[in-house]
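Data first, discussion second: the structure below is written as C-alpha cells.
Values below: every heavy atom of this structure, side chains too, minus hydrogens, waters and symmetry copies.
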Amino acid sequence: MIYAFGRGMLPWEKESAARHLPTYVAGLVYHAGIFAAIALALAQAAGIHLPNAAVSVIRISMAAGLCVGAGLLLKRLTKSQLRHISCPDDYAANILVDGFILAGLLSSWLPAALPVFHVAAIVTFLYMPLGKIRHCFFFFYSRFLFGSYFGRRGVLPPKRAAKA
Amino acid sequence: MKAPSTPADPLEEKIQTLGEAELEKILKVFRDKLPADAAANLNSCVHCGLCADSCHYYLASGDKESMPAAKLDLVNRVFKNYFSMTGKAFPRITGARALNRDMIREWVDSLFGRCTLCGRCSLSCTMGINIFALIRTARTALGAVGLVPPGLQSTVDTAIRTGNNMGISRENWLETVAWLEEDLQKETGDPRARLPIDRRGARLLYTINPREAMFFPLSIYAVAKIFYAAGEDWTFSSANFDVTNYGLYNGDDEAAGIMSNRLLQAAAELGCRELILAECGHGFNSNRWEAPEWLGRKADVRIRSILHVVAEYAQTGRIRLDPSKNPKTVTLHDPCNLVRLGGVVDEQREILGRSVQHFIEMHPNREKNYCCGGGGGQLAMTNFAKRRIEAGKIKASQIEATKARVVATPCHNCIDQLMELKKHYKLPIEIRTVCEIAADALVIPARPSGPGLGLS
C-alpha cells in the first residue's frame, strides 16, 4: 500500500511515467495548479488573507498549471490515439478546469474578476462528481486496490529493480 | 486491423441471431460479476493514454484499438450506458454506448482478440486500474450467452468433461507414466526410481500440463528425475493431474472453480500435505491465487510452484547441480501469470543461476517483462492467430537482443508461443522449461535416499 502511494508513483518505478516523462510532469504541474486554485478559492471563501509569499507560490502554480492544462488539451485534440479514447467529457473537464485556474489567476490581480472566479469554482465543484473530474475521489481507492492486489501476491514492491 | 469475420464464423452467426433476452443476460451477468471495486476502477480512467505502449499488441501493430485504455473504454462505455447516472442522463457527453450487436462484435474482437490478460498495463496505469480483471469480467458476460471463441470454449469443455484439457484417458496417462518410469530406472540404474501414482500419504501431489503428457514428456521426466535425486516423497493422481485452468481465460468462474477444486480434492483424498503446480503460468495464478475467489474458501493444503520446491532443494543442498553441463547461454522469459500476477520471481533465477554457465536477463524482465503473446487463451483462439504472432514480435526482439541460444521459461503456453515465434521470426534458439535445464545439470548420487524411495 505504501509502495502504491509512494515509490510506485515515481517515474523510475512506473514505465509509463519514465517513457512519457514530459506528459507525466505536465500532469503533476497541472494538478499542482488545480490545487493552488482550490486553495485560493477556499481562502477567499473563508476570508483568510494570504501572505504575499503564499500568493506568489499560488500564482506561479496556477500559471504553470494553466499552460500545461492548455498543452494537454492541445495534445488530446491533435493526437489520433488520444482522440480515439476521448469523449466530450474529457474535453469539457479540461476546458472547465483551465477556465477555473485562469479565473483564479486573474482574480489574484484583479478584484473585479473575483465573481467570475467564484462562479467558475461553483461550476467546477458541481461538475466534480458528475464528470471525469470525479477521478479525484476514485484515484485513492484505485491505488489502494492496486497496492493490495499486487502486494498480497508478493509482486510489489519489486524484490529487485527490473531494468527497463 | 480487424480480424475478418466470415459467415462461417460461428461467433458471427451467434451475434447475428442474438435476441433481446440474451442481450439482457449479458448485461445482467456483467453487472452481477462487477464488484464495487471494479466499478471504482471504471470510474478512475482519465483517458491519459499512457498505458498504450505497455501493451505488446499496441507496440507491435500501432492499432488504436489495441491500446489498453481503448479496450477498457469499450467496457466502460457500456457500464456508463446502463449503470451510471450521468451516463444514462448524458450518453453523448460521457461517451456511453448501448450494448448492441456492433458493440458486441467490438467486445469479442478486442477483449478476446487483442488481450492476453497479462496485466502489464495495470502496472503502467497512472491510476492503478486493474484493466485485465475488468476485461475478464466482460469475457464472463459474453460467455454467459456462448460468445466465447470456440477453440477456447472447447478447451474448457474438454477439461470439465474428461478431467483434463486434452482429453487424455486414464489408461494413456498411466501408460505414459509407466514408460517414463522405465526410462528413469534405466538412466539411474536404480529399480527403486519411481513415478508414483495415487500414493497415499505422499508429502507432495505433483500436477502437470496435459501438453506435457501428449507432446513434452521430457518435462515430466525432468521433474521426476529431480524428485528422485532429492529423495522426495511425492505422487501423481491418476484422475486429477491437470494444472491448467482455462476458466481463467474464458471468464467462467464456475468451471474454473470445478477445475481447481479437483486438484484440492485429489490432494485431500491422497492425504498429501502440499499441492505442487507444474511449470504453468496461468495454472499457478488460477490455483494459487484465483481459486479461493472462485471457490469461496481457502485451500486446506499448501500450494506451491515446482520452482519453489526445486529452488529449495538447490539452496539446502538436497540436490547438486553442475552448471558446466549446460554450457550454452541461457535467457529467461518470465510468464505473466507466474511472475507479474503470481509473485514467483526469484526462484527460477535461483535454479538457473546454479544450473547454467552463462545466464543473461532479457530486458525488461521480472514483473515488467513483456507477454510472449500466448496467454489469455490466445493459443486456443485460432481466429486471432495472425494477430498473436504479430504481437509476439516484441518478445522475439527481446530474445534476439540477448543473443542467447537457449530460452528458458516455466510455462508450457509460453513454450508453445515461443516455438511459433522461433519459426516465424527465425530465431536460432532452443526453448526449454526451467526444470528440464536443471535436470540436465543434476549430479545424481549413486543411491539417493529419502522417504520417497523404496517405499512403494
For Leu72(B), is it the side chain, the backbone, both or neither that has a heavy atom under 4.5 Å from a heavy atom of chain A?
-> neither
Phe150(A), part contacting chain B, at a heavy-atom distance under 4.5 Å | side chain
Engaged part of Ile133(A) at the chain B interface, taking heavy atoms whose separation is under 4.5 Å = neither
Can the positive tip of Arg120(B) be found less than 6.0 Å from the middle of the six-membered ring of Tyr370(B), inside 45° of the ring normal?
-> yes
Arg143(A) to Phe146(A) six-membered ring, cation-pi geometry met (6.0 Å, 45°) = yes
Tell me which donor-acceptor pairs under 3.5 Å the side chains of residues 66-76 of chain A have, and how far apart each pair is, sequence neighbours excluded?
{"unit_1": "Lys75(A)", "atom_1": "NZ", "unit_2": "Thr23(A)", "atom_2": "OG1", "d": "2.8"}
{"unit_1": "Arg76(A)", "atom_1": "NH1", "unit_2": "Ser86(A)", "atom_2": "OG", "d": "2.6"}
{"unit_1": "Arg76(A)", "atom_1": "NH1", "unit_2": "His47(B)", "atom_2": "O", "d": "3.0"}
{"unit_1": "Arg76(A)", "atom_1": "NH2", "unit_2": "Val46(B)", "atom_2": "O", "d": "3.4"}
{"unit_1": "Arg76(A)", "atom_1": "NH2", "unit_2": "His47(B)", "atom_2": "O", "d": "2.9"}

Contacting region of Val339(B) [heavy-atom separation from chain A under 4.5 Å] | backbone
Identify which part of Tyr149(A) has an atom lying under 4.5 Å from any heavy atom of chain B, answering side chain, backbone, both or neither.
-> side chain
Can you say whether Tyr58(B) sits under 4.5 Å from chain A via the side chain, the backbone, both, or neither, judging by heavy atoms?
-> side chain
Portion of Asn43(B) that has a non-hydrogen atom of chain A nearer than 4.5 angstrom = both
Using the salt bridge (charged side-chain N to carboxylate O under 4.0 Å, His left out) rule, collect all pairs that involve residues 23-36 of chain A, keeping only residues at least two apart or in two chains.
-> none
Using non-hydrogen atoms only, which part of Cys121(B) is less than 4.5 Å away from chain A: side chain, backbone, both, or neither?
-> neither
Leu130(A) versus chain B, heavy atoms under 4.5 Å apart: side chain, backbone, both or neither?
-> both
Could you look at Met67(B) and say if it's the side chain, the backbone, both or neither that has a heavy atom under 4.5 Å from chain A?
-> side chain
Is it the side chain or the backbone of Asp73(B) that comes within 4.5 Å of chain A heavy atoms, both, or neither?
-> side chain
